[in-house]
Amino acid sequence: MFKRNHIVIYFLVAVPIILLLCIMTGSTGFGIPDTGTETGRSILYLRLYRVFTGFVVGAALSCAGAVLQALLRNPLAEPYVIGVSSGAGLGATLAIASGLSAISSATLPFSAFVFAIATLVIVYGLANTAGRISIYGLVLSGVIVSSICSSLLMSIVALSQSHEIQSIMWWLLGNLEVSSRPLFIVSSVLILVGSCGIWLMAPELNALSLGREMAHHVGVRTKLSIAIGLILATLITAAAVSISGLIGFVGLVVPHTVRTITGPDHRRLIPVTAITGGLFLALCDAVARIALAPRELPVGVVTALIGGPFFITILRGRRKQGWIE
Amino acid sequence: MKTVLEFRNVSAGYHSVPVIRNLDLTVTEGQMVGILGPNGAGKTTFLRCITGLCSPMTGIVSIFGSDVTRLPAAERARLIAVVPQELEIPASFTVQEIVMIGRTASLNRWSQPSLCDVKIVERAMVYTDVADIKHRPVTELSGGEKQRVIVAMALAQEPRMILMDEATSHLDMNHRLEIMQIIERLNIEKGVSVIMVSHDLNLTAEFCQRIILMDRGKIAADGKPSEVLTENILSTIYNCNVRVQKNQANGSVCVLPAPRLTSAHSGRGITVHVVAGGGCGEEILRRLNLADYTITSGVLNKGDSDAEVAGVLGIPTVLEKPFSPVSRDILDKALVMAESADIIVVCAVPFGPGNAGNLELAEQALAKGKQVFLIDGISQRDYTYNREATTRAQKLLQNGARVFQNIPELLKALPTSA
């Protein structure tokens, strides 16, 4: 207990330092831009905006990952891996291509949400054999549904007007440069509300990690709690995807790392995961900006390069431990 | 006494197939009830009806006077707690965190666990003797410690009834008793009613004042251990022979499975020579061995599956080279061996020119006045010239050999030592 409190203090000190570091890095050079000049001010503004976006998206994806891992009792569950991100991406692309997103800034996240929920239902249904969901079945059906969504998405890209292709492709790879401020605000509010909702569900999430029957015995309304949890996780994923496109593996790397420090109690795990996830993505984005400066990498490339090996490590390790039925 | 559990004409099951049928039952407060019965008797379904995981197709299950299916989840958790056989705890929760999960129904989601919750958790851990390991991750604990933690989690619910679903079956003797003593203490000190499903007849008899024996979805017997656990009732329900003794130390009943002591088919001291081949004798060899007959066998070809079974069971066998016809001197060896047998059994082996000589074993035995058993239908398995085997078999029957259709019939016809 004492040791864990110590870590939380280190952590609170580290947050502003890391965020400051992120603001100081950019393709135009390292350091705080000169606020005396017009250019300097706008560079600072752009960087601040971008770091903040990274923080919000990273927090959302990590929270969603933590919830999915608890509810599906699957260490590999993550919005990207189980196909929810791709579903949201398809919904968002449809909204852009059909011109719906131009009507109101809420239509894009809404369309993403609807498609993400539909994807989740399909993946869950495919992985479910006679009431049991196998760890590999879920990942496999996630991969399948995800690639179907990607193909549909690609065909939309191929059919759309030429000047949109570049931006949609860039967005697909995961990009934290926000084009529309109202969209960012709507999505951020959704993420904030969703994440707080998830945090309030911590007692149920703890009970549900012991399995559905045990949760039932200690007084959890299991069907309702699982439905609400999945909807909240999907909602914040869809909101994150609306802002930044497809960024994978954040929801996998962050909750697992945090769990080794705070333990699996969701009352601690959820808030620490959210903050760590935010920092992680902001840092990844800083790396993406300076790795090949002056050219930029999409941030999704950086997270995938870190997350892929992590995924394999968990898959091998957990198979031995027998995490799941 | 107050009724804590009542089944009124309950039928329940899965996919509209009832596992328990028209069950009527009441349990009064403070009772410690053991539920016994063979696999598939409906014990688990019975428990699932009480916890509300399984809704009855007909009838009503009520706990503490209210219908389980209508009881709010949190309310139900304050009345009944469940100790499962084994709980898979995926992540490295600490002992204290796990026990706190027992408080889920009363936790306030807007704040830290209250002082009251923390105290209850502390007390549950002291009661089950896990307080000194409360910061250890559960994944590092031994089976006995882990089960005590799960009992602590159940206690943290402060239930008025505890259901144990084979909660001690994977523990060793010492830890089994330890868990049962915790539960018994709780039953005596706090008046918590206990319903335990178990396969351990003796443990149940020792701790429960009332035993309900279930069979095929119904209550077969209900009463004190000494009334329910009788040789008569148990042998019909479990379909095997048992011996019930009074435990001198504590006055409870002690049940021993006794396959050999009272078996109707003890062939001890009787020697049977089995003529087999090609796998037709595996089951007969096995069953005769179980019934304690002394067995010899041959002539078999090396590598034949019957020869392998005989080898595994330690049955003396006369062997011929693989895939070769039975030669004269090997057959003579078998004749010597069969001479010391009391009975010859000829299995459903196909006869060809290579192994028809084996029938000589039966002919020799009959001539000496011994019993010979042939399985029916030798003419359909006869591949010898001029149907020699069939003719020889008919002669055997004329001279007093007996025919049998299947193994149970053979076992019935064989003489026993009793």
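Predicted model, so just to flag it, every value in this text is computed and none were measured. Each chain gets a letter, A, B and so on, in the order the sequences are listed, and its residues count up from 1.
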Interface residue of largest heavy-atom contact number with chain A, from Pro72(B), Ala77(B), Ala156(B), Gly102(B), under 4.5 Å: Ala77(B)
Engaged part of Ala207(A) at the chain B interface, taking heavy atoms whose separation is under 4.5 Å: both
Under 4.5 Å from any heavy atom of chain A - which part of Ile80(B): backbone
Residue pair Arg109(B), Glu204(A): steps toward the side-chain contact (heavy atoms from CB on, under 4.5 Å) verdict: CA-CA 9 Å; Arg109(B) 61 179 79 249; Glu204(A) 280 88 352; 2.6 Å; yes
Gap between atom CZ of Arg259(A) and atom CZ of Phe93(B) - 0.5 Å precision: 8.5 Å
Pairwise distance CD1(Ile101(B)) to CG(Asp265(A)) - rounded to 0.5 angstrom: 7.5 Å
Portion of Leu53(B) that has a non-hydrogen atom of chain A nearer than 4.5 angstrom: both
For the student: nearest non-hydrogen atoms of Pro264(A) and Ser92(B), plus distance: CD-O, 3.3 Å
Exceeds 12 heavy-atom contacts within 6.0 angstrom, atom CZ of Phe46(B): yes
Short side-chain to backbone donor-acceptor contact, His216(A) and Thr51(B), under 3.5 Å: yes
Pro113(B) side chain reached by Arg267(A) side chain, heavy atoms, under 4.5 Å: yes
Evaluation steps, side-chain contact (heavy atoms from CB on, under 4.5 Å), between Glu213(A) and Val82(B): CA-CA 10 Å; Glu213(A) 289 197 1; Val82(B) 179; over 6 Å; no
Gln112(B) atom CD, over 12 foreign heavy atoms within 6.0 Å: no
Contacting region of Arg48(B) [heavy-atom separation from chain A under 4.5 Å]: side chain
Residue pair Leu210(A), Ile98(B): steps toward the side-chain contact (heavy atoms from CB on, under 4.5 Å) verdict: CA-CA 9 Å; Leu210(A) 301 185; Ile98(B) 287 286; 3.8 Å; yes
Nearest heavy-atom neighbours spanning Thr104(B) and Pro203(A): CG2-O, 4.0 Å
Carboxylate-amine/guanidinium proximity below 4.0 Å for Arg268(A) and Glu97(B): yes
Arg78(B) (side chain) donor-acceptor with Gly219(A) (main chain) under 3.5 angstrom: no
Under 4.5 Å from any heavy atom of chain A - which part of Pro137(B): neither
Donor-acceptor under 3.5 Å (Glu88(B) side chain, Gly211(A) main chain): no
